[in-house]
Structures are given as structure tokens and as C-alpha cells.
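Notes to accompany the following structure.
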Amino acid sequence: LSARTRDFTNAGFFYSISGSVSDNEHYTSQTIGLNWRPVDPVSVYAAWGKTAKFPGTAAYYNNVGQTNASGQTVVVPLHVSPEYVRDIEAGVRYEQGGFQGAVNLYRENFANTFVQTTDPTSGLSSTANGGSSRYEGAELDLQDSLRTSFGGFSIYGNVAENKAYFTSGFTVSNSSGVSATAGQTVHSGQPLAGVPKHLANLGVGWKWQGWRVNVSEHYSGSQYVNEYNAGVPAAETIPSYAVTNFTVRDTVHIGDGLWKDVKLALYVDNVLNRHYYTFGYGDTTVDNTPFVRAIYEEPRAYFASATVDF
């Protein structure tokens, strides 16, 4: 793997100065996998691998044109190493007729975990490396289908239990080399933000000739959020939520010439108009009362599309 990332921004509406931030990284990835079928409908598989995750474009883009505590517009240098990942997973899969089922276990060990930090002394933000971390969990996936004189029916569902936590302690230091705030010290075993403990999906589908109908429910358990300034996990969480989506589609054949098919679709997101949010930050008021900064996701929304096949 090799990555060369360079962001150059011209002075304009959003930036009062021009500047660039760049970095070059490379890594050799090793992966090995095994799949064994002891009997026809059952397969057992396992895989192990080492890979790297390079900083995203936002890590560079956001470093140009920041304003420091003195009111100066500057380019913040980026000093960050890739995340290194060791992954191991194993599972069992069963397929018979229209039924499919699978159980999967996984563990991912990260080194140089990315954290987003703001130095309260300088007022500047950047992506930095924290300590090591681990993601692990179990997944169950089931699906089945049935053909009848009323059309084809399908049902699917999956559930996962996840755990993500730091496996080493570290301190995100400021320009003086010390912890900028108490919240920037992370201890081994502290949960990572943005990882729901439980995830689940359930869906039902129907198809007949050119018609397709699907109803799905997505559930996400509670998850920790990062501190707004410190960039490391806070004690606050965002609550669990469930959202229902609906889709109906039809394909109309209109000819064998230049125009062949018209695909019409209607999408209804958040059918039950639930109020929920999927992302947030932990922060404190002027009297140091903790709260969560978050924006609600969209209410019930309708979308329609028409696609013509040539």
C-alpha cells in the first residue's frame, strides 16, 4: 500500500491565506485465509491479516487556514503516522435452499489510533496518534427466501455485539509537551467513541414481475462520544435508536428500441418520524455542566426517482 496526499488551498471566500499540507506513506500488507467445507451446506473459514490505515483527506484539508489564539491565520503542520491493524476473524456459514446463516467472530488490534485534538493554548486543531486500541465482537446473519404464486418473499436479519476500547494509556500533549486538559489523558480499557455496543437489522422483501417492495428496520445501541476539544472519548453517550425505511420500485418495459425500460422508485426514510441522532460531541457549559452537542437526523423524508435504460 502506498499513499501520497497533498492538499493545496488558494486564498478565497473560505480562506484568507493559501497553503498546503502533504504526506507520503507506504506499507506492505500481508493476508492469509482458509475456507473448509466439511459437508456440502457448511463451510468454516478463518482469516488473518496486517494492514495500514492512512489519514483521511480531512486530516489535511482542515489544517489549512486555521486561526490561532492570537488571531493569526496559519497552516498547521501534520505530524501523524498511519494506523497499523492486525485482524483475525473466524466463522461458520450454512446454505441450504433459500436459507443462509452465518456466525462470525472478529478481533482487530490497532496501533497509533487516530484522535482529533484541539490545543487550548494555541487554539489549533489537528489529527494525532493516540495509543493502541482493540475492536472485537460477534455477528449473526440469517436470511431466507420463498417463492409462491403471490410472488417471491424474503426475510433477513443480523445482529452484532461490538466492543471497542483502548489497550494502552496515553496523553495528548499541547505545545508545551504536557496534557492540555485533564480530559486528554486516556487510560487502558477506556471505551472508544462512535462504536455502538449492539447493532441489528431486520428486513422483509417482496417481488413480483417488475415490482420490488422492501421494509427494513435498523437498530443502533448507545455509544460514547468524543470530547469536543480534547478529541478523546468522553463519559457522555448518545442514546440508542431505531429507524424504519420503506422502498417500492417498478420496472416498466416500454420497447426494444432505443428506449427499453423505465425504473420508477419511491423511498420513504424514517417512516415513523422518530427523533434521533447518530453523532455528537461531549462538552460543558460555562458552569462545567456536561452535555452532548448533537444534531437530529432528518425527519420523515420522501424521495422519488425515474431511470431510463437505453
Side-chain angles (χ1 to χ4, degrees), residues 1-3 25-56 81-115 129-146 154-170 186-205 216-224 233 237 240-242 278:
L1 302 173
S2 179
E25 300 290 349
H26 62 86
Y27 182 74
T28 301
S29 177
Q30 308 99 42
T31 303
I32 185 171
L34 173 68
N35 188 73
W36 175 49
R37 188 181 288 268
V39 292
D40 188 54
V42 178
S43 58
V44 181
Y45 59 91
W48 175 89
K50 295 172 61 179
T51 188
K53 179 182 177 183
F54 302 121
S81 300
E83 287 183 335
Y84 297 109
V85 188
R86 287 179 171 85
D87 171 75
I88 183 170
E89 63 176 299
V92 179
R93 185 181 298 111
Y94 178 87
E95 300 180 29
Q96 184 69 44
F99 176 80
Q100 298 180 33
V103 177
N104 182 66
L105 305 175
Y106 74 92
R107 172 175 286 182
E108 298 174 340
N109 291 319
F110 284 73
N112 301 332
T113 305
F114 294 144
V115 293
N129 292 116
S132 58
S133 60
R134 175 175 293 167
Y135 295 75
E136 59 187 3
E139 303 168 338
L140 171 65
D141 183 270
L142 300 171
Q143 53 183 306
D144 201 359
S145 59
L146 176 67
S154 62
I155 183 171
Y156 64 88
N158 54 67
V159 62
E161 181 172 2
N162 308 288
K163 187 177 181 181
Y165 55 95
F166 285 100
T167 54
S168 68
F170 64 95
V186 172
H187 304 282
S188 178
Q190 187 169 337
L192 279 155
V195 181
K197 185 176 181 180
H198 298 102
L199 287 170
N201 294 281
L202 179 64
V204 177
S216 63
E217 178 85 358
H218 170 70
Y219 170 82
S220 176
S222 63
Q223 56 187 288
Y224 287 92
T237 62
S240 60
Y241 67 90
T278 62

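Scope of the values below: all heavy atoms of this structure, side chains included, with no hydrogens, waters or symmetry mates.
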Is S133 reaching over with its side chain to a backbone N or O of Y165, donor-acceptor style, under 3.5 angstrom?
->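 No; judged by distance alone, with no hydrogens or angles, the pair does not exist.
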
Check your understanding: Within the distance-only criterion (no hydrogens, no angle test), does the side chain of T51 pair as donor or acceptor with the backbone N or O of V85 below 3.5 angstrom?
Key ->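 Here the side-chain-to-backbone pair does not exist.
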
Could you list the donor-acceptor pairs under 3.5 angstrom formed by side chains in residues 94-112, with sequence neighbours left out?
| unit_1 | atom_1 | unit_2 | atom_2 | d |
| --- | --- | --- | --- | --- |
| N104 | OD1 | Y45 | OH | 3.4 |
| N104 | ND2 | E139 | OE1 | 3.3 |
| Y106 | OH | N162 | OD1 | 2.8 |
| R107 | NE | E136 | OE1 | 2.9 |
| R107 | NH2 | E136 | OE1 | 2.8 |
| N109 | OD1 | R134 | NE | 2.7 |
| N109 | OD1 | R134 | NH2 | 3.4 |
| N112 | ND2 | P82 | O | 3.2 |

**Report entry** E161: salt bridge (charged side-chain N to carboxylate O under 4.0 Å, His left out) partners, not counting sequence neighbours
**Finding:**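 E161 satisfies salt bridge (charged side-chain N to carboxylate O under 4.0 Å, His left out) with no residue once adjacent residues are dropped.
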
What pair of heavy atoms forms the shortest contact from [X] to [Y], and how long is it?
X    : Y    : value
T113 : E83  : CA-OE2, 3.3 Å
D141 : Q143 : OD1-NE2, 3.7 Å
S43  : P38  : CA-CD, 4.4 Å
S81  : F114 : O-CE2, 3.2 Å
L192 : Y224 : O-CB, 4.1 Å

Sequence neighbours left out, what passes side chain to side chain contact (heavy atoms under 4.5 Å, CB included) with [X]? Give chain and number order.
X    : value
P196 : L199, S220, Q223
H187 : T185, Q190
T278 : Y241, Y276, E297

Determine whether T167 and S132 satisfy the following criterion, side chain to side chain donor-acceptor pair (under 3.5 Å), listing intermediate values before the conclusion.
CA-CA 5 Å; T167 54; S132 58; 2.7 Å; yes

#### Entry: Polar contact flag, side-chain donor to acceptor under 3.5 angstrom, S154-S145
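Per modelled atom types, S154 and S145 side chains form no pair under 3.5 Å.
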
**Report entry** Residues which pass side-chain hydrogen bond (donor to acceptor under 3.5 Å, both in side chains) with N158, listed by chain and number, not counting sequence neighbours
**Finding:**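 Scan of N158 (side-chain hydrogen bond (donor to acceptor under 3.5 Å, both in side chains), adjacent residues dropped) gives N201.
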
ask   = For S240 and S222, what are the C-alpha separation, side-chain angles and deciding distance, and is it a side chain to side chain donor-acceptor pair (under 3.5 Å)?
value = CA-CA 4 Å; S240 60; S222 63; over 6 Å; no

Q: Would you please test V115 and F170 for side chain to side chain contact (heavy atoms under 4.5 Å, CB included) and show each step?
A: CA-CA 11 Å; V115 293; F170 64 95; 4.3 Å; yes

Would you indicate whether the side-chain heavy atoms of L142 and Y156 approach each other to under 4.5 Å?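 No, their side chains stay 4.5 Å or more apart.
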
